[in-house]
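The next block holds one structure in the form of structure tokens; read it before the comments.
Model, not experiment: these values are computed from the prediction. Order of the sequence lines fixes the chain letters, A, B, ..., with proteins taken first and strands second; residue numbering starts at 1 for each chain.
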Number of protein chains: 2
Amino acid sequence: MHPSTQNIKVAVDNVIFTVIGNKLFVLLIQMKKKPLEGVWAMPGGLVGEKETLDDAATRILREETGVKAGFLEQLHTFSAPKRDPFGRVVSTAYMALVSAEGIKLRTTSKYMGVDWMPYAGAKKLAYDHNQILAYAKTRLEWHLEHTNIAWSLLPREFTLTELQRVYEAIRGRKAEKRNFRKMMLGRDIIASTGKSVMRGAWRPAQLYRFKSGDRVAK
Amino acid sequence: MHPSTQNIKVAVDNVIFTVIGNKLFVLLIQMKKKPLEGVWAMPGGLVGEKETLDDAATRILREETGVKAGFLEQLHTFSAPKRDPFGRVVSTAYMALVSAEGIKLRTTSKYMGVDWMPYAGAKKLAYDHNQILAYAKTRLEWHLEHTNIAWSLLPREFTLTELQRVYEAIRGRKAEKRNFRKMMLGRDIIASTGKSVMRGAWRPAQLYRFKSGDRVAK
DNA sequence: AGTGCTTAGTGTCTTTTGTACACAAAGTAC
DNA sequence: GTACTTTGTGTACAAAAGACACTAAGCACT
């Protein structure tokens with residue numbers, strides 16, 4: 001092996017999740033580049049000379065959504081020699097979680113389109129992006145049960161029912177109301193704000209907030 | 001950013017763990033290259049043109065130990081622009097677990113030395129290798145509690161006490177014998193072989209084996 | 001004012017899991 | 001056969017997770 005001859009590009013790909021209503025969504029872009037014209041993929045790009053991978057992921061996220069992620073974490077580096085038909089590219093996948101509220105997607109000329117797609121409907125993505133997406137989902141599920149990342153998918157204040165919807169969207173199954181509340185309160189990571197809010201023509205719900213925006217293992 | 005001008009090397013670094021006696025050890029090499037002469041580091045190297053990262057990690061492990069890892073997993077990719085004084089190198093860390101039994105370390109001319117070092121004594125490593133090592137230890141602890149990776153640190157058949165030593169070495173604290181046994185048997189991942197073996201001048205112990213060499217989440 | 005509707009919010013029992021703790025069993029050495 | 005060392009087990013308690021039914025608070029409609 002001759003190090004000086006190594007010619008591998010280094011990229012990052014972002015799996016950007018949000019929850020809208022009762023469903024988990026992922027941000028996809030529709031490609032323009034020729035053999036993959038019209039195909040959907042996760043947004044990504046090459047890493048700059050003086051950027052860390054984290055920097056690059058943050059930059060790409062901002063380019064697509066204009067926001068800073070509530071949560072951004074490196075997942076895994078994918079390296080199959082033929083994963084990219086345009087040449088040897090090793091790509092590090094990141095997972096970003098954002099609150100859908102107040103996000104305006106930016107349609108750039110780089111892509112044919114940018115949109116939120118239901119996680120369950122994201123099939124036939126470009127490159128190895130289906131594999132990356134599946135990996136991200138698994139990690140997301142893990143975090144949900146073991147850390148407090150849910151805060152990054154919600155606005156600063158929320159009702160327990162809204163929080164429950166996030167859990168249900170990601171787990172893909174209904175939760176039992178009383179046990180869910182007991183579990184969340186028992187983890188000691190959320191606190192009541194004292195305020196309550198009307199979400200419809202019925203009994204108002206209390207607003208809660210996460211005690212810390214930092215990730216906490218249980 | 002001009003993709004064609006990107007000039008980043010891609011490497012892997014291996015954190016190779018084993019347990020000897022009651023202690024966790026990590027395989028380190030002593031460097032020859034000038035400004036880092038004599039400094040200890042984890043073995044690593046550039047990725048070949050047609051290799052995946054997994055391939056490269058497997059190759060490097062074999063070059064140092066001559067064995068295939070019982071367990072090999074990608075950990076994280078480190079990318080600080082100045083992490084390597086010789087130039088921009090992005091490195092993916094891998095963790096390998098091997099059974100110390102029957103391993104002959106290969107002293108190659110590439111290094112001043114190769115040796116097992118107690119985990120607790122591995123200070124002042126080259127590059128960002130202390131950070132990588134700490135990351136690997138955390139992951140190892142997680143696997144110990146949630147999967148059956150301990151199998152890759154032991155010979156095929158072992159006594160429960162030997163298994164307990166592995167857990168104690170990694171956790172860094174003693175375990176309670178009865179609870180440890182109940183926990184291990186309750187996970188349903190080990191089975192008695194029916195054989196028993198003398199480990200000294202006292203009551204013989206039963207030999208167990210892992211039911212599967214595959215990693216199993218609890 | 002009263003009835004019906006919808007969601008918010010709580011208490012208790014059961015099962016499972018983890019933890020603490022003490023003694024009998026099976027070998028060897030002398 | 002006695003002393004020694006390790007193997008090997010049972011039980012009680014505490015904590016966490018899961019199942020389950022009812023009351024409370026608001027609005028809409030009459």
Taking atom C1' of dA26(C) as reference, at what distance in whole Å does atom CG of Leu160(B) sit? 16 Å
Sugar-phosphate, base or nothing in reach of Arg199(B), heavy atoms under 4.0 Å: nothing
Less than 4.0 angstrom from a charged side-chain N to a carboxylate O is my criterion; do Asp13(A) and Arg83(A) meet it? yes
If you only use heavy atoms from C-beta on, which nucleotide in dA25(C), dA8(C), dA20(C) is closest to the side chain of Asn179(B)? dA20(C)
In whole angstrom, what separates Phe180(A)'s CZ from dA16(D)'s P? 18 Å
By nearest atom, which of the nucleotides dC21(C), dA25(C), dT7(C) is closest to the Trp202(A) side chain? dT7(C)
Here the distance between atom P of dG18(D) and atom NZ of Lys182(A), to the nearest Å, is 10 Å
Side chain of Gln206(A) only, heavy atoms from C-beta on: which candidate in dG8(D), dT6(D), dG9(C) is closest? dG9(C)
Determine, for Glu141(A) against Arg139(A), whether the closest basic-nitrogen to carboxylate-oxygen distance falls under 4.0 angstrom. no
Which nucleotide, dT28(C), dA28(D), dT9(D), lies nearest any side-chain atom of Met198(B)? dT28(C)
To the nearest angstrom, the NZ-P distance between Lys177(B) and dC23(C) comes to 14 Å
Taking the basic N atoms (NZ, or NE/NH1/NH2) and the acidic carboxylate oxygens, is any pair closer than 4.0 Å for Arg165(A) and Glu162(A)? no
Picking from dA29(C), dC27(D), dC20(D), the nucleotide nearest the side-chain atoms of Ala201(A) would be dC27(D)
In this structure, how many angstroms lie between the P atom of dT10(C) and the CE atom of Met184(A), rounded? 15 Å
Thr161(B) near the nucleic acid: base, sugar-phosphate alone, or nothing, with a heavy-atom cut-off under 4.0 Å? sugar-phosphate
d(CG, Asp188(B); P, dT17(C)) in whole Å: 12 Å
For the pair made of CG in Leu207(A) and P in dA8(C), what is the distance, rounded to whole Å? 12 Å
What is the distance, to the nearest angstrom, from the CZ atom on Arg178(B) to the P atom on dG8(D)? 14 Å
Under a plain distance cut-off of 3.5 Å, with no hydrogens placed, do Asp55(B) and Thr52(B) share a side-chain donor-acceptor pair? yes
Strictly below 4.0 Å, N to O, side chains only: are Arg173(B) and Glu168(B) in salt-bridge contact? no
